[in-house]
Amino acid sequence: DLSNKLESVFKQLRGQGKLTEKNIKDGLRDVRRALLESDVNYKVAKDFIKRVEERAVGEEVLRSLKPGEYVVRYVHEELINLLGGKFQDIQVAPQPPTIVMVCGLQGSGKTTLCGKFARYFRKKGKHPFLIAGDIYRPAAIHQLQVIGKQLDIPVFSIEGEKDAVTICRKGLAEAKRLGHDFVIIDTAGRLQIDEAMMAEVERIKHEIQPTEIVFVADAMIGQEAVNVAKAFHDRLAFDSVALTKMDGDARGGAALSIRAVTGKPIKYIGVGEKMDALEPFNPEGMASRILG
Amino acid sequence: IRGHTTIDDDLMEEIEELLISADVGVHATMTIIDRLQNRIKIDKIKDPSLVEGLLKAEIAALMGEGSYELDLSAVKPYVIMVVGVNGVGKTTTIGKIAARLKQEGKHVILAAGDTFRAAAIDQLEIWADRAGAQIVRSQPEADPAAVAFDAVDAALARNADVVLIDTAGRLHTKVNLMKELEKIKRVVQKRLPAAPHEILLVLDATTGQNAIQQAKLFNQVVDISGLVLTKLDGTAKGGIVIAIKDELNIPVKLIGVGEQVEDIQDFDPHDFVEALFA
Ligand SMILES: Nc1nc2c(ncn2[C@@H]2O[C@H](COP(=O)(O)OP(=O)(O)OP(=O)(O)O)[C@@H](O)[C@H]2O)c(=O)[nH]1
Ligand SMILES: Nc1nc2c(ncn2[C@@H]2O[C@H](COP(=O)(O)OP(=O)(O)OP(=O)(O)O)[C@@H](O)[C@H]2O)c(=O)[nH]1
Ligand SMILES: [Mg+2]
Ligand SMILES: [Mg+2]
């Protein structure tokens, strides 16, 4: 436990009034290790520790509080601040429909998330419509159709259509024609370094003008989260992040990395394979989880 | 790490950053650097330009031989079970392995053991078609152990060479799902005592330190004989396999380098290490 580890480091601080630079450096070495073990990016962890160091030096150590606990609580609060304050929901379009487009690496949980969003926003009174924009993965369209059928939510696809932009454009027209006010577009998983695929998702954005672009990331992603998120953000300026598979035991340091490098909020988390396994993001819970 | 004029703390810190940034993890990185510093001391090395070579050699030695030894002449049918957490590339990897074996003239049967996820069976059917393999399937919600049993049974009846068992993605923290995996293995053993001859754990190269927990728990439940490291065509280096080899001695056998049927390669420790430092 990080608190206990830091306690032994700070044993000699008892009775001293302020935290010195050396005290802080020693304590933060353990915090940095905890962050790295949680998959926070190396550079992000370095910057974070440096900022905490600058602010914590000279802080009053309450006589009744243990210094180790104090530093951990300080770090904890810093993490919560960085991970984003109050909950922000998916933006609603000034004129319906609200259009949500999901994007991300292969296997990150996008198609499943589309189903979860559809169910969630229907419960909130919306009339969702799903567009099957993944024309590459074997049975991807079928996967979304099965989900749509389970939820009794319409899924738009065009059999044999080789252009994802066309599917999205026609799907959006159909959604409007039928009076749906919440459109969710599933896209194929792609590498941020795949030029053709990144150009495709840029074209979909340009054509469709989504209200919200959600970057979907697997909670277990490691150091590369920074490069991936930055590239998707540079190309698409996505609005928010969804972190999936949070029902596992991955500490999810990527949350901090992605937030640090893009400035965009994490709004939702996936907590299971079923369609009801969606929760609003809780920065306090995430901070505790990252600190281990 | 190439611009240094002396072997100093700065050089070690750069090595630390390189390894941690490649997802090798703090613990394994410290172990590697300790061993490197020992080597430098014992061999009295002063030239910093030699350090990179030493580091590469150390890591390659740790990763071991690693090539995919599939001795199909000795065993028939050879049963391979593929496991791992959600979305890592199990189904796609099975399609690729099947195609490769088919090209070598083998008779391959795929078991559609993911009876849970939407369109999982359909996805595997498309791969069976692409690979020229036969598929044994049931209905969604069917017992995956029964599908696996039927596939091995069919392989024996049809004198097939290889059975590849696809399983549903599952988080290693879900006790009931891990128990299900144990059951699939047990039931296969009932039909063929030596089977499964190979249990491959598929890991996504973008995964961070959680991969170590995945390897530990899957190994506890079903004895992993090898790893498949997928999505190496991306920018992730997959350094987690170094930590896993160091702690659990499980070798990487295959790597996935794309989404097409031919995008699978035998693991080569030297190529892997070169890519790490590229
Ligand atoms: N345990 C758990 N599994 C999840 C969660 N979200 C998705 N999954 C599973 O992760 C796997 C991949 O999900 P998909 O929705 O197919 O991922 P994707 O991003 O659409 O994949 P591609 O389209 O191939 O890029 C499936 O097995 C899902 O059931 C989650 O929050 N928790
Ligand atoms: N770029 C790349 N993508 C891959 C690779 N292997 C698999 N994928 C993609 O990763 C996604 C998930 O692959 P699947 O084969 O469905 O993964 P899975 O482990 O069977 O997923 P679940 O059954 O849902 O747990 C798909 O979009 C695949 O095309 C690879 O080596 N490189
Ligand atoms: Mg998908
Ligand atoms: Mg699968």
Side-chain angles (χ1 to χ4, degrees), chain A residues 32-43 45-46 105-112 115 136-150 188-194 217-228 231 244-245 247-254 272-273, chain B residues 16-27 29-30 85-92 95 116-127 129-130 140 168-174 177 204-214 217 230-231 233-240 258-259:
Chain A
R32 192 186 81 115
R33 178 165 184 159
L35 295 179
L36 292 177
E37 287 174 344
S38 283
D39 293 321
V40 174
N41 178 268
Y42 190 92
K43 290 200 171 75
K46 206 171 188 182
L105 294 176
Q106 290 89 345
S108 53
K110 299 175 294 299
T111 305
T112 305
Y136 308 97
R137 169 174 155 154
I141 296 173
H142 193 167
Q143 183 184 4
L144 196 63
Q145 287 171 332
V146 170
I147 288 172
K149 193 143 178 282
Q150 283 172 0
R190 68 203 65 225
L191 299 177
Q192 85 277 15
I193 52 170
D194 185 331
D218 192 322
M220 63 187 191
I221 190 171
Q223 295 287 312
E224 215 46 32
V226 160
N227 288 336
V228 177
T244 63
K245 307 177 204 171
D247 44 319
D249 60 358
R251 293 203 353 213
E273 294 194 70
Chain B
E16 177 193 78
E17 178 168 357
L18 187 146
L19 293 177
I20 290 181
S21 301
D23 288 314
V24 175
V26 176
H27 180 81
T29 295
M30 284 169 51
V85 302
N86 308 70
V88 295
K90 300 176 293 299
T91 305
T92 304
F116 169 77
R117 206 209 69 211
I121 299 172
D122 308 273
Q123 183 186 6
L124 189 67
E125 277 195 312
I126 293 172
W127 277 109
D129 200 66
R130 281 182 186 179
R170 70 202 64 222
L171 295 182
H172 49 289
T173 47
K174 313 231 157 149
L177 296 183
D204 184 328
T206 66
T207 308
Q209 298 311 296
N210 194 249
I212 301 175
Q213 260 320 87
Q214 293 174 26
L217 293 195
T230 61
K231 308 181 196 174
D233 46 318
T235 52
K237 307 278 186 176
I240 37 138
E259 301 188 72

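Side chains included, hydrogens not; waters and symmetry mates left out as well; all remaining heavy atoms used. The structure displayed is predicted, hence computed values, not measured ones. Lettering of chains follows the sequences in order, A, B, ..., and the numbering in each one begins at 1.
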Task: Distance-minimising heavy-atom pair for B:K231 and A:G107 - done: NZ-CA, 4.1 Å
Open item on the list: Quick one, A:D249 with B:H172, criterion side chain to side chain contact (heavy atoms under 4.5 Å, CB included). Give me CA distance, side-chain angles, the key distance, then yes/no.
Closed with: CA-CA 9 Å; A:D249 60 358; B:H172 49 289; 2.7 Å; yes
- [ ] Go through A:M220 and B:V85 one step at a time and tell me if the side chain to side chain contact (heavy atoms under 4.5 Å, CB included) criterion holds.
- [x] CA-CA 10 Å; A:M220 63 187 191; B:V85 302; 3.6 Å; yes
Open item on the list: I'd like to know which of B:N210, B:L171, B:T230 tops the heavy-atom pair count under 4.5 Å against chain A.
Closed with: B:N210
- [ ] Heavy-atom pairs under 4.5 Å with chain A are the metric here; pick the option from B:N86, B:T173, B:V88 that has the most.
- [x] B:N86
Task: When A:K43, A:K46, A:Q106, A:K149 are compared by non-hydrogen pairs under 4.5 Å with chain B, the top option - done: A:Q106
Open item on the list: Need one label for A:R190: side chain, backbone, both or neither, based on atoms under 4.5 Å from any heavy atom in chain B.
Closed with: neither
Open item on the list: Go through it in stages, so that I can follow the logic: the residues are A:R33 and B:H27, the test is side chain to side chain contact (heavy atoms under 4.5 Å, CB included), and I'd like the CA-CA distance, side-chain angles, deciding distance and then a yes or no.
Closed with: CA-CA 9 Å; A:R33 178 165 184 159; B:H27 180 81; 4.0 Å; yes
- [ ] With rounding to the nearest 0.5 Å, note down the distance linking CD in A:Q143 to CD in B:Q123.
- [x] 7.0 Å
TODO: Count the heavy-atom pairs under 4.5 Å between each of A:D247, A:D218, A:N227, A:L105 and chain B, then report the option with the highest count.
DONE: A:D247
Task: Donor-acceptor side-chain pairing of B:T206 and A:E224 below 3.5 angstrom - done: no
Task: When A:Q145, A:Q223, A:R251, A:Q150 are compared by non-hydrogen pairs under 4.5 Å with chain B, the top option - done: A:Q223
Open item on the list: As an exercise, state the distance from CD1 of B:I126 to NE2 of A:H142, rounded to the nearest 0.5 Å.
Closed with: 9.0 Å
Open item on the list: Assess whether a salt bridge exists between A:R137 and B:E259, defined as any Lys/Arg side-chain N lying under 4.0 Å from an Asp/Glu carboxylate O.
Closed with: no
TODO: Answer yes or no: is there a donor N or O on one side and an acceptor on the other, between the side chain of A:D39 and the main chain of B:Q209, under 3.5 Å?
DONE: yes
Open item on the list: Looking at every heavy atom in both A:V146 and B:A119, which two are closest together, and how far apart are they?
Closed with: CG2-N, 4.4 Å
Open item on the list: For B:A118 versus A:I147, what's the shortest heavy-atom pair and its separation?
Closed with: CB-CG1, 4.2 Å
Task: Heavy-atom pairs under 4.5 Å with chain A, option from B:I20, B:T91, B:D233 with the top count - done: B:I20
